[in-house]
Amino acid sequence: MTMTRRAFGIGLIAASALATGGYFYLKDTKYLRQPKPLTGFVGGEKRGFLANPATIAALRGDGFELNARQAGSVEMVREAQILRQDPDFLWPSSSVMVEIAKENSVPIRRAEVILNSPIVVYSWEPVVAGLEAAGLVRRQADGTRTIDLALYLKAVLAGRSWSELGVGDLSGPVRIVSTDPNLSNSGFMFAGLVANLLAGEVTQQSQLRALSGDIGALFHHMGFKSNSSGSLFEDYIAGGPGVYPMAVLYENQLIEWALEDGARWQRVMAGSAKPVLLYPAPTVYSAHPLISLKPAADALIGTLLSPALQEIAWSSHGFRGPLGSPGAAAGAGQPTIPEKLTAIVPMPEAKVMLDILQLLS
């Protein structure tokens, strides 16, 4: 049976209408949705998570494509040159940054914690063995180790030597290093923790005058301070115990490094100089709030809190969830971490931290 031109034309119109209708039905679904390009600034410790192909695919599945530029958490909420770039979102590494952003009249629409990682001290097995014998480090029932950081800081301030603390392989005075508090969040968080430990409580503005000399001395004696937690971690791994015997960073960084290359991690753990995480008791949590500055970035918060992205953040990068809990149990050969941290102290309020930053600038 032949088809007339009229019938063929009607059929073509019907097919076109069906296709057009199908497109409009699907165009707002994840199958045909064009991802929204969003530009923002993030802390360097989240580079691996945002560059993970699984993260990129999950974000695109929800309609987002991120142009994430790296900046220090402190500078992204304070520096005019960053804010003048008109970002859609900011993703610093401390909830205090939300308050500092408000102090600087940053136009915040929404802010919600996405990830968490406690501040820890990175050291090495030979160093830790000596500190353990000296009573500064204690091994816990779960295999993790805590450090009496207040006592250790007093040793730094007193100029005590490594040999006095039972570490015979190192010479000179004991030391500890962090990133620059005025640029990087891990240094910023450490500055708040130092102030709390020296005060014996959450530091109040009225106490800063009495504490300023010791706080300033601790950071002055560090010498050069990196502006990035990621860079300091790389330097710690490359330098070893002789260069970086004690460094303040995030818990997740060593977990992420171990997960990147299991064979490399096994080789390192078979050697004599093994990296060790020391948990200050108390410590502070580095919460990572996403700050939405434009309407298009509001929904990004919900996407990043989805089970799929939270699992990627934990299983591939070692980030705990918004409430500080780890995800599924860590696999064999990964760093041993506590399931829960109960000795957590709040950071000083934003105005106190701004005064501390001024002191250390």
Q: Do S186 and Y250 have side chains that get closer than 4.5 Å, going by heavy atoms?
A: yes
Q: To the nearest 0.5 angstrom, please state how far the OG1 atom of T144 sits from the CG atom of L278.
A: 10.0 Å
Q: According to ring-ring contact (aromatic ring centres under 6.0 Å, His included), who are the partners of Y152, at least two apart in sequence or on a separate chain?
A: none
Q: Given side chains that start at C-beta, do those of F319 and I114 come closer than 4.5 Å, heavy atoms only?
A: no
Q: How long is the straight-line distance from CG of L208 back to CD1 of I356, given to the nearest 0.5 Å?
A: 5.0 Å
Q: Is the closest basic N to carboxylate O distance between K102 and E99 below 4.0 Å?
A: yes
Q: Is the backbone N or O of G43 less than 3.5 Å from a side-chain atom of W91, with the two atoms forming a donor-acceptor pair by type?
A: no
Q: Using a 6.0 Å distance limit plus a 45 degree cone around the ring axis, check whether K274 lies over the aromatic ring of W124.
A: no
Q: Do L115 and K46 touch side chain to side chain, with heavy atoms closer than 4.5 Å?
A: yes
Q: Can you tell me if D235 and S226 form a side-chain donor-acceptor pair at under 3.5 Å?
A: no
Q: Is any side-chain heavy atom of V42 less than 4.5 Å from a side-chain heavy atom of F89?
A: yes
Q: Using side-chain heavy atoms (C-beta onward) and a distance below 4.5 Å, is L90 in contact with M97?
A: no
Q: Can you tell whether the side chains of R47 and E45 come within less than 4.0 Å, N to carboxylate O?
A: no
Q: Show the numbers, then the answer: is there a salt bridge (charged side-chain N to carboxylate O under 4.0 Å, His left out) between E103 and R78?
A: CA-CA 9 Å; E103 293 275 341; R78 297 178 75 193; over 6 Å; no
Q: Would S229 and S184 count as having a side-chain donor-acceptor pair, cut-off 3.5 Å?
A: yes
Q: Tell me whether the centres of the aromatic rings in Y122 and F233 are closer together than 6.0 Å.
A: yes
Q: CG of L153 to CD1 of I147: how many Å apart, nearest 0.5 Å?
A: 8.0 Å
Q: Look at the side-chain heavy atoms of Ile, Leu, Val, Met, Phe, Trp and Tyr, link any pair under 4.5 Å apart, and say whether L259 and W257 land in one connected group.
A: yes
Q: If you define the side chain from C-beta out and look only at heavy atoms, does anything of E112 sit under 4.5 Å from L305?
A: yes
Q: With sequence neighbours left out, write down each residue that passes ring-ring contact (aromatic ring centres under 6.0 Å, His included) with Y279, or none if nothing qualifies.
A: none
Q: Give me the atom names and distance for the closest heavy-atom approach of S161 to S163.
A: OG-OG, 3.0 Å
Q: For N196, does its backbone N or O pair with a side-chain atom of E201 as donor and acceptor, under 3.5 Å?
A: no
Q: Quick check for you: to the nearest 0.5 Å, what is the distance between E349 atom CD and L354 atom CG?
A: 10.0 Å
Q: Counting distance only, does the side-chain N/O of D261 pair as donor-acceptor with the main-chain N or O of A263 below 3.5 Å?
A: yes
Q: Taking the basic N atoms (NZ, or NE/NH1/NH2) and the acidic carboxylate oxygens, is any pair closer than 4.0 Å for E65 and K36?
A: no
Q: Which pair of non-hydrogen atoms, one from P107 and one from L293, has the smallest distance, and what is that distance?
A: O-CD2, 3.6 Å
Q: Which side-chain hydrogen bond (donor to acceptor under 3.5 Å, both in side chains) pairs, counting each pair once, include a residue from residues 350-361, with sequence neighbours left out?
A: Q205-D355
Q: So, N185 versus S73: side-chain donor-acceptor pair below 3.5 Å or not?
A: no
Q: Is the side chain of N116 donor-acceptor paired with the backbone N or O of P322 at a distance under 3.5 Å, no angle test?
A: yes
Q: Under a plain distance cut-off of 3.5 Å, with no hydrogens placed, do D298 and S292 share a side-chain donor-acceptor pair?
A: yes
Q: Give the cluster check for L357 versus L183: same hydrophobic cluster or not, with ILVMFWY residues linked at side-chain heavy-atom distances below 4.5 Å.
A: no
Q: Taking all heavy atoms of M76 and all of L83, pick out the closest pair and write down the distance.
A: O-CD2, 3.6 Å
Q: Which heavy-atom pair separates I119 from T283 by the least distance, and what is that distance?
A: O-OG1, 2.6 Å
Q: Do the non-hydrogen side-chain atoms of F64 and P35 ever get within less than 4.5 Å of each other?
A: no
Q: Kindly say whether the aromatic ring centers of F190 and F219 come within a distance under 6.0 Å.
A: yes
Q: Using a strict threshold of under 4.0 Å (side-chain N to carboxylate O), is an ion pair present between R145 and E125?
A: yes
Q: Are more than 12 heavy atoms from other residues, nucleotides or ligands located less than 6.0 Å from atom CZ of R175?
A: yes
Q: Are side-chain N/O atoms of N52 and H317 paired as donor and acceptor at under 3.5 Å?
A: yes
Q: Are I56 and L309 in one and the same hydrophobic cluster, where Ile, Leu, Val, Met, Phe, Trp and Tyr link if side-chain heavy atoms are under 4.5 Å apart?
A: no
Q: Could you tell me which non-hydrogen atom of L360 sits nearest to which non-hydrogen atom of P181, and how far apart they are?
A: CD1-CG, 3.9 Å
Q: Are R138 and E132 close enough for a salt bridge, meaning some N to O gap below 4.0 Å?
A: no
Q: Charged N to carboxylate O below 4.0 Å: is that the case for R69 and E75?
A: no
Q: If every non-hydrogen atom of L59 is compared with every non-hydrogen atom of L66, which pair is closest and at what distance?
A: CD1-CD1, 3.8 Å
Q: Would you mind reporting whether V284 and M189 have side-chain heavy atoms less than 4.5 Å apart?
A: yes
